[in-house]
Amino acid sequence: MDVPDVVLKVWDKYRLPENVRRHCLKVAEVALKIANKLKDEYEIDFEALKLGALLHDIGRAITHGIEHFVYTGEILRKEGFDEKVVKIAEKHFSCGITKEEAKRLGIDVDRDFMPETIEEKIVCMADNLVKGDKEVTFDDFMKRLEELKEKYPETAWFTERTIERALKLKEELKL
């Protein structure tokens with residue numbers, strides 16, 4: 001996949017680790033594959049989708065914590081990206097997260113990060129269908145969520161919400 005110069009410059013400027021770059025490339029690949037299946041039903045901005053997917057984890061240059069999506073938005077706004085691309089990138093976490101859920105998880109935000117546009121939903125789902133730099137099945141993603149529920153019972157409530165949202169998203173995206 002051709003990576004636009006603007007993406008490479010941001011990756012380099014923030015010293016995004018190579019493994020995260022490979023992950024972003026695979027997420028972009030999966031997102032474009034999903035978008036191509038849906039292009040007759042939805043008007044999809046493929047350029048914004050690709051940029052959002054390639055940049056969705058730029059916040060990992062600052063932290064690998066769950067709050068990385070907040071930093072992603074901050075970085076992309078600072079770098080002057082179009083708000084559409086920023087929202088695609090920053091709303092990728094899990095299957096969305098509300099302001100209240102984020103606060104309960106210890107993330108101080110003043111708004112929701114729920115995917116709303118088709119591009120936001122596609123990148124959100126594509127990220128869940130990539131582990132490292134390998135594409136996985138939706139069933140693999142569900143199994144991972146079940147494992148997280150057992151491993152981290154204190155956040156099982158959020159994992160349950162993620163499962164519900166993922167199933168709705170899967171249906172909406174016809175996966």
Side-chain angles (χ1 to χ4, degrees), residues 1-4 7 11 16-60 64-73 76 84-98 101 105 112-152 155-156 158-175:
M1 171 184 299
D2 282 339
V3 179
V7 171
W11 282 358
L16 191 66
E18 186 59 37
N19 65 317
V20 180
R21 294 177 191 215
R22 286 193 310 272
H23 167 76
C24 290
L25 280 163
K26 183 54 85 171
V27 168
E29 181 184 308
V30 172
L32 290 168
K33 186 165 61 171
I34 294 169
N36 275 310
K37 287 183 190 175
L38 298 172
K39 69 182 177 190
D40 293 335
E41 284 184 64
Y42 296 94
E43 192 173 310
I44 299 171
D45 183 338
F46 278 82
E47 187 61 28
L49 177 84
K50 182 178 176 180
L51 288 173
L54 288 170
L55 292 164
H56 81 278
D57 268 350
I58 191 65
R60 291 195 181 277
H64 283 281
I66 63 171
E67 70 277 12
H68 72 277
F69 65 93
V70 178
Y71 292 107
T72 288
L76 297 181
K84 183 175 191 175
V85 172
V86 175
K87 287 182 177 181
I88 291 168
E90 75 179 355
K91 292 183 178 184
H92 78 274
F93 178 70
S94 194
C95 282
I97 185 169
T98 67
E101 291 165 349
L105 291 170
D112 290 342
F113 289 83
M114 298 296 295
E116 298 170 49
T117 68
I118 191 64
E119 295 89 356
E120 292 165 5
K121 291 174 182 181
I122 290 170
V123 170
C124 183
M125 181 56 82
D127 186 46
N128 290 319
L129 297 178
V130 175
K131 185 166 172 65
D133 61 357
K134 304 283 186 253
E135 185 173 357
V136 298
T137 66
F138 185 80
D139 287 341
D140 290 333
F141 172 53
M142 288 288 109
K143 285 179 201 159
R144 195 164 76 234
L145 290 173
E146 289 298 333
E147 290 167 5
L148 287 172
K149 265 189 356 188
E150 289 189 29
K151 188 173 180 181
Y152 302 103
T155 57
F158 182 68
T159 307
E160 277 298 329
R161 289 183 187 170
T162 300
I163 290 168
E164 292 168 18
R165 290 175 182 146
L167 291 169
K168 286 170 71 174
L169 204 50
K170 177 184 186 244
E171 188 176 314
E172 185 177 350
L173 299 177
K174 297 176 176 42
L175 298 175

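Since the structure is predicted, the reported quantities are computational estimates derived from the model, not experimental observations. Heads up: numbering here begins at 1 and tracks the sequence.
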Indicate yes or no for a side-chain donor-acceptor contact from E90 to the backbone of V86 under 3.5 Å, with no hydrogens or angles considered.
no

Take atom OH in Y152; do more than 12 heavy atoms of anything else shown fall under 6.0 Å from it?
no

Residues forming a side chain to side chain contact (heavy atoms under 4.5 Å, CB included) with E150, sequence neighbours excluded:
none

Would you please name every residue forming a side chain to side chain contact (heavy atoms under 4.5 Å, CB included) with A126, sequence neighbours left out?
V27, V30, A31, I34

With no hydrogens and no angle check, is any side-chain donor or acceptor of D57 less than 3.5 Å from a backbone partner on R21?
no

So the salt bridge (charged side-chain N to carboxylate O under 4.0 Å, His left out) pairs with at least one residue in residues 137-148 (sequence neighbours excluded) are E146-K149

Main chain of E120, side chain of T117: is a donor-acceptor contact present, judged purely on distance under 3.5 Å?
yes

For K87, is there an ion pair with E116 - N to carboxylate O distance below 4.0 angstrom?
no

Would you list the pairs meeting side chain to side chain donor-acceptor pair (under 3.5 Å) in which at least one residue belongs to residues 42-53, sequence neighbours left out?
D45-K84

NZ/NE/NH1/NH2 to OD/OE distance under 4.0 Å, K168 and E171:
no

With sequence neighbours left out, write down each residue that passes side chain to side chain contact (heavy atoms under 4.5 Å, CB included) with E67, or none if nothing qualifies.
T63, Y71, I107

So the salt bridge (charged side-chain N to carboxylate O under 4.0 Å, His left out) pairs with at least one residue in residues 122-133 (sequence neighbours excluded) are R22-D133

